[in-house]
**Q** 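So that we are looking at the same thing, I have put the structure below in structure tokens.
Letters go in sequence order (proteins before strands), and every chain restarts at 1. This is a predicted model, so every value here is computed, not measured.
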Amino acid sequence: MPDSPSSPRVRFAPSPTGYLHVGGARTALFNWLFARHFGGTFILRIEDTDFERSSEAMVEGILEGMRWIGLDWDEGPFFQSQRLPLYQATAQKLIDSGHAYYCFCTKGELESRRAEGTAAMYDRRCRNLDRAESEKRRLDGKSPAAVRFAVPDGATSWDDAVFGRVEFANAELEDFVLLRSDGIPTYHLSVVADDIDMRLTHILRGADHISNTPKQVLQYSALGAELPIFAHVPLILGPDKTRLSKRHGATSVIAYKDMGIVPEAFRNFLALLGWSPGSKQNPQHKDRETFSSEDLIQLFTLDGISKSNAVFDNDKLAWFNTEYIRAYDSNKLLPLIQIEWQAAEFVPTRTEEEILAAIDFVKPRARSLKDFAGSFRAHFSDDFEYDPAAVTKFLADPSLPSLLQELAARYDVAPDFTEASAEELLRALATEKNIKAGALINGSRVALTGQAVAPSLFAVMAFLGKDRVVQRLNSVDKGHPERSLAGNASQTQSNSLP
RNA sequence: GGCGCCAUGGUGUAACUGGUUAACACGCCGCCCUCUCAAGGCGGAGAGUUCGGGUUCGAUCCCCGAUGGCGCUACCA
């Protein structure tokens, strides 16, 4: 396959009838990667010729999705709705050269014929209308005419960069509509008119377009244009292996942003859906999973694209997310976290330096950016809540509050407060009271963080500082209804005191 | 229904032009750490490559068929 062009021109051509969905995002990513890898041009084109279903809000949604995953385009966005003359001229060329003809059948007629008979395909009844007669009918304005492509006999084929040679018998193709009777082009016409006009060299798109491709190949030859290289990318399916849809939950890319997914994690995950670095040319990357944007650009080629559909696996996405969050520097994470804080109307009360330190401190346990506005709050502010489950698990014993107060008192008067000294004092108290250190430790953790899961307790103490530790240990008893609530429900015995 | 495409553990992928104990990752299970786990460390189960025929000394890999899945089948894109 000619896979190493000097400066390819590719495009992503979404239709603004919905938000940028996962499949579209992956197609956009592959196009972008391909263009960047070969130093080519990535064009964004909005296919909004379906006025009924297209909307400006959707256009904005798509652009937002593109920006979120970090895909920038070199030309466009072009809007097909603003390029109508090109399509009309192209249709005219096809008519003039005898490759297309006017059709006077109305949509209603077509539908009823289809419903009553076995005429699954258009019967071509207008194809052989007398030229002059046809022209007259059209010009008298009474019968609006659509323009159809006259599919020739024979077969149509192309060498797909992913699937190899694909061939269709022309008999399987109907004389499809190029221009609707209102003069608006259909997809079949506008794609090829634009792809030719924009001098595209490679068409990377979803495999759902394979069946449309022969119709386009036919137009290229009718127009005397050079055929670009087609590379169809397998589709992304839901967990039940049916086409990914709203039924499977989030389908819009922005929904993943809203779930606290880091864009690079999403991009990395997406890149590996239907593509792999390929061990032949890059044996050293055979077992790799995480790739930066630069890595992806360097490694991406068409022959790494697989032919079979891929299933979208949320667990794997979640794993990538934890990997990226963990690997990020806190100052790179901060702006992303701040967005979450704003959304949650949470205002951290500590200094920026402390905040950055806190991010580094807790990020190994983060699964989503949401955690920073949720279960990690106690590290950024004194305004946090006690997780009822954590209270039930570790703070249920009625003797705990006074023990924690005792501990607080000892910390308060201690000459110094370090990770080591905090541990020393706590263990001494446990021994003295003849209770398990673990009970005190776990109880303290909940008192300090509100959570059952957090970093090592003494590290948390050192991080929080003596004053906060003392204050939080003391306040376990008061002002936390959850606690008393949980105290009543004393089924959990696992960590209670002896 | 017709046409097209695809087919490696639950999932994503790997396995040079046919020769491997079929690899890696996610997930799952277990153990360790013991101060928690959604963190970390260690280990394990899980496919003989959808099935059936060929070709071959030898097929995940080539051919044929079946089955299954997906796609297209609009004056949608």
**Q** Name every residue in residues 170-179 of chain A that has at least one heavy atom under 4.0 Å from any atom of RNA chain B, in order of residue number, or write none if there are no such residues.
**A**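 Correct list: A:E172, A:E174, A:V177.
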
**Q** Compute the centroid of each ring, for A:F149 and then for A:H188, and state whether the two points are separated by less than 6.0 Å.
**A**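 No, the ring centres sit 6.0 Å or more apart.
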
**Q** Return the set of residues passing ring pair (Phe, Tyr, Trp, His ring centres under 6.0 Å) with A:Y87 (not counting sequence neighbours), or none when no residue passes.
**A**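 A:Y87 satisfies ring pair (Phe, Tyr, Trp, His ring centres under 6.0 Å) with no other residue.
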
**Q** Please give, in whole Å, the distance from B:rU73 C1' to A:R114 CZ?
**A**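 Result: 10 Å.
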
**Q** Check the phosphate of B:rU11 against A:K241, side-chain N and O only, distance under 4.0 Å to OP1 or OP2. Yes or no?
**A**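 Yes, within the criterion.
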
**Q** What is the distance, rounded to the nearest whole Å, between atom CG of A:L317 and atom P of B:rG27?
**A**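 Result: 12 Å.
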
**Q** Quickly work out the A:F163 CZ to B:rC3 P distance and round it to whole Å.
**A**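 Spelled out: CZ on A:F163 to P on B:rC3 is 19 Å.
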
**Q** Using atom P in both nucleotides, what's the gap between B:rC5 and B:rU20 to the nearest angstrom?
**A**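 Comparing P positions in B:rC5 and B:rU20 gives a spacing of 31 Å.
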
**Q** Got a minute to check which stems RNA chain B is part of, using Watson-Crick or G-U wobble pairs under 3.5 Å, three or more consecutive?
**A**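 Ordered by first number, the stems with RNA chain B (at least 3 consecutive pairs each) read B:1-7 with B:67-73, B:10-13 with B:23-26, B:28-32 with B:40-44, B:50-54 with B:62-66.
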
**Q** If we take the C1' atom in both B:rG9 and B:rA45, what is their distance in whole Å?
**A**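 The same atom, C1', in both gives a distance of 11 Å.
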
**Q** Would you mind reporting whether A:K215 and A:V192 have side-chain heavy atoms less than 4.5 Å apart?
**A**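 Result no, sub-4.5 Å side-chain heavy-atom pair not found.
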
**Q** Just to be sure I understand the geometry, which residues of residues 85-94 of chain A put a non-hydrogen atom under 4.0 Å away from RNA chain B?
**A**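 Close to the strand, none.
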
**Q** Encode nucleotides 34-48 of chain B as B, S and - characters from 5' to 3', where the letter depends on protein heavy atoms closer than 4.0 Å: B to the base, S only to sugar-phosphate, - to neither.
**A** -BBBBSS--------

**Q** Side chain to side chain donor-acceptor pair (under 3.5 Å) with A:S15: which residues, sequence neighbours excluded?
**A**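 With neighbours one apart ignored, the set is A:T17.
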
